[in-house]
Amino acid sequence: MTRWIDATFVRGGTSKGLFFGESALPSLNSDGDTAVWDRLFTSAMGSPDPFGRQLDGMGGGISSLSKIVVVAASARDGVDLDYTFGQVSVTEAAVDYSGNCGNLSCGVVPFALSAGLISAADGRHVFRLFNTNTQKLVDVGLRVADGQAEVAGDLVLPGASGTGAPVELIYPDPAGSRTAGLLPTGKAAESITAGGAMSEVSLVDVTLPVVIVPGAAIRLKGTESPEEIDANVHAMGMIEQLRRNAAVRMGLCESPEDAPDVVPKVAVVTAPEPTRLLDATSLAAEEADLPVRMTSMGQTHKAVPGTGAMCLAAAAQIPDTIIINRIIRRSRPGEVGPEVRLATPSGVVTAGAVFDADTVTATSLFRTARVLMRGQVAVRD
């Protein structure tokens, strides 16, 4: 049988996904078992698809286009909305709720306004969200026009065509989203085995657990296209082994085999150098502070995950990380400002972080978002 469920298709940043009002979905068991949701979400997105296209659903065959968000008006004091993010596997009937999505976080308020979950007068507002995946708060600043999130604007977002109205994401108290804290092992840099060799990495958890590794450690320049990296069997094998071993170190699992699919993500970084972008233009070395290629769900991101960008901005403020010791350049020795320009395959993304004493007190990022379609999605029972 086919069931029709109210849903909205939303682009948030450089990702797209299906957004659901929680009231449109079956209630979860008292123990929070998501199995009933998982069946609906995988069917709606067209997973599993051994051909990797999600042709029979709304997914796009890559991790950044195979996502869902569930939103509800919040009963928490001072919070407007609660939301849950799910990463839907392309090739398996599985949904991973182990992390948050920074890109789709910027679509939560536009969806909620469109769906009538909240209302606001015209003008600029800051809405407070609670992310159930990480148990963390997210502040979203945007302008409302005619009761809906403003769409038209001049902000250019690398990886998304055209321009849009800015949506500001601020993550207060972002450290320790899924682990014990800012530096889950207590070390700013350490060595992990991958591919039979020891690689010096930084394990940082700010908005998202991330493994930061120099490109040379896995025999990459760090400026390759996503397609080139994905086709490099040796490098992708090392990245996945590194990721799984790091998951154990960060306390996310007890063995490498049990590592979550979504976290930690791996950021391959290198010193600035000229690179060719996906739109065939060139980016000069001096236009960015840190080239990055980030992998998610076994694929290299064509831009950068929003939470990953903020984590890298934080890592660039933390003393003795590999970014500070070996990678990043500033105009003056010792200068480390709150914003970091990341050279992604789609262009420069600027993220900010505030490091105060011994922790990161906030991170920030500008995105754009647009509601693409409202209606119902078909799912198979």
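Values in this document were obtained by computation on a predicted structure and should not be read as measured data.
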Any side-chain donor near an acceptor of the partner, Thr368 and Arg11, under 3.5 Å: yes
Nearest heavy-atom neighbours spanning Thr14 and Ala160: CG2-N, 4.5 Å
Thr270 side-chain N/O to Pro291 backbone N/O, donor-acceptor pair under 3.5 Å: no
Beyond-backbone contact of Ile62 with Val90, side-chain heavy atoms, under 4.5 angstrom: no
Same cluster (ILVMFWY, side-chain, under 4.5 Å), Leu157 and Val292: no
Side-chain touch Asp82/Val71, heavy atoms, less than 4.5 angstrom: no
Arg244 vs Val248 side-chain heavy atoms within contact, under 4.5 Å: no
Asp49: salt bridge (Lys or Arg N to Asp or Glu O under 4.0 Å) partners, not counting sequence neighbours: none
Minimum side-chain heavy-atom gap Thr350-Val340 below 4.5 Å: no
Pairs where residues 152-170 contributes a residue and the test side chain to side chain donor-acceptor pair (under 3.5 Å) is met, not counting sequence neighbours: Arg124-Glu168
Single-linkage hydrophobic cluster Val95~Val10, side-chain heavy atoms < 4.5 angstrom: no
Closest approach of Ala7 to Val377 (non-hydrogen atoms, all atoms of both residues): CB-CG1, 3.8 Å
Atom pair CG (Leu104) and OG (Ser15), whose distance is rounded to the nearest 0.5 Å: 5.0 Å
Single-linkage hydrophobic cluster, 4.5 Å side-chain cutoff, Leu208 and Met297 together: yes
Donor-acceptor contact below 3.5 Å, side chain Ser105 vs main chain Cys101: yes
Side chains of Thr361 and Asp173 in contact at under 4.5 Å (non-hydrogen atoms): no
Test item: Leu142 and His125 side chains (from C-beta on) under 4.5 Å apart, heavy atoms: no
Asp261 (side chain) donor-acceptor with Asp96 (main chain) under 3.5 angstrom: no
Cluster overlap Leu277 with Val349, hydrophobic side-chain contacts below 4.5 Å: no
Polar side-chain atom of Thr344 near backbone of Gly347 as donor-acceptor pair, under 3.5 Å: yes
Residue pair Thr2, Val379: steps toward the side chain to side chain contact (heavy atoms under 4.5 Å, CB included) verdict: CA-CA 6 Å; Thr2 296; Val379 298; over 6 Å; no
Residue list, side chain to side chain contact (heavy atoms under 4.5 Å, CB included) with Ser364, at least two apart or on another chain: Ile170
Side-chain (Arg367) to main-chain (Gly13) donor-acceptor, under 3.5 angstrom: no
Cluster overlap Ile5 with Leu372, hydrophobic side-chain contacts below 4.5 Å: yes
With a 3.5 Å cut-off and sequence neighbours excluded, list the donor-acceptor pairs that the side chains of residues 299-311 form with protein atoms.
from, atom 1, to, atom 2, distance (Å)
Gln299, OE1, Ser63, N, 3.0
Thr300, OG1, Asp230, OD1, 2.8
His301, ND1, Ala303, N, 3.0
His301, ND1, Val304, N, 3.2
Lys302, NZ, Glu227, OE2, 2.6

Side chain Asn133, main chain Tyr97, donor-acceptor under 3.5 Å: yes
Sidechain-backbone polar pair: Lys136 side chain, Ala175 backbone, donor-acceptor under 3.5 Å: yes
Pairing residues for Thr84 by the side chain to side chain donor-acceptor pair (under 3.5 Å) criterion, not counting sequence neighbours: Thr132
Any donor-acceptor N/O pair, Glu287 side chain to Ala284 backbone, under 3.5 Å: yes
Residue pair Ser98 / Arg178, side-chain donor-acceptor N/O under 3.5 Å: no
Pairing residues for Asp122 by the side chain to side chain donor-acceptor pair (under 3.5 Å) criterion, not counting sequence neighbours: none
Set of residues satisfying side chain to side chain contact (heavy atoms under 4.5 Å, CB included) with respect to Ser27, sequence neighbours excluded: none
Minimal non-hydrogen separation, Val211 against Ala246, with atom names: CG2-CB, 3.4 Å
Summary of side chain to side chain donor-acceptor pair (under 3.5 Å) pairs that have at least one residue in residues 189-211, sequence neighbours excluded: Ser177-Asp205, Thr179-Asp205, Thr185-Glu190, Glu190-Arg249, Glu200-Arg326
Sequence neighbours excluded, every pair satisfying ring pair (Phe, Tyr, Trp, His ring centres under 6.0 Å) that has a member inside residues 16-43: Phe19-Phe111, Phe20-Phe41, Trp37-Phe41
Polar side chain donor-acceptor pair, Tyr83 to Asn100, under 3.5 angstrom: yes
4.5 Å side-chain heavy-atom contact, Val233 and Met236: no
Which residues share a side chain to side chain donor-acceptor pair (under 3.5 Å) with Glu254, sequence neighbours left out: none
Over 12 non-hydrogen atoms of neighbours within 6.0 angstrom of CG in Asp77: no
Chi angles and distances behind the side chain to side chain contact (heavy atoms under 4.5 Å, CB included) call for Arg219, His234: CA-CA 9 Å; Arg219 303 179 192 175; His234 175 77; 3.5 Å; yes
Which atom of Val144 lies closest to which atom of Ala121, heavy atoms considered: CB-O, 3.6 Å
Partners meeting side chain to side chain contact (heavy atoms under 4.5 Å, CB included) with Ala197 (sequence neighbours left out): none
Chi angles and distances behind the side chain to side chain contact (heavy atoms under 4.5 Å, CB included) call for Met45, Ile68: CA-CA 9 Å; Met45 297 306 285; Ile68 61 92; 4.2 Å; yes
Contacts of type side chain to side chain contact (heavy atoms under 4.5 Å, CB included), residue Asp358, not counting sequence neighbours: none
Side chain to side chain, Val79 and Leu137, heavy atoms closer than 4.5 Å: yes
Arg128/Asp139 under salt bridge (charged side-chain N to carboxylate O under 4.0 Å, His left out): CA gap, chis, key distance, verdict: CA-CA 5 Å; Arg128 173 150 284 192; Asp139 291 334; 2.8 Å; yes
Minimal non-hydrogen separation, Ser346 against Pro158, with atom names: O-CB, 3.5 Å
Heavy-atom closest pair, residues Arg243 and Ala259: NH2-CB, 4.3 Å
Exam field: side chain Asn29 to backbone Gly32, donor-acceptor pair closer than 3.5 Å: no
Under 3.5 Å donor-acceptor, Gln54 side chain and Gly60 backbone: yes
Audit row: Val167, Val140, side chain to side chain contact (heavy atoms under 4.5 Å, CB included) steps and yes/no: CA-CA 7 Å; Val167 179; Val140 177; 3.6 Å; yes
From Thr321 atom OG1 to Leu203 atom CG, the distance as rounded to the nearest 0.5 Å: 11.5 Å
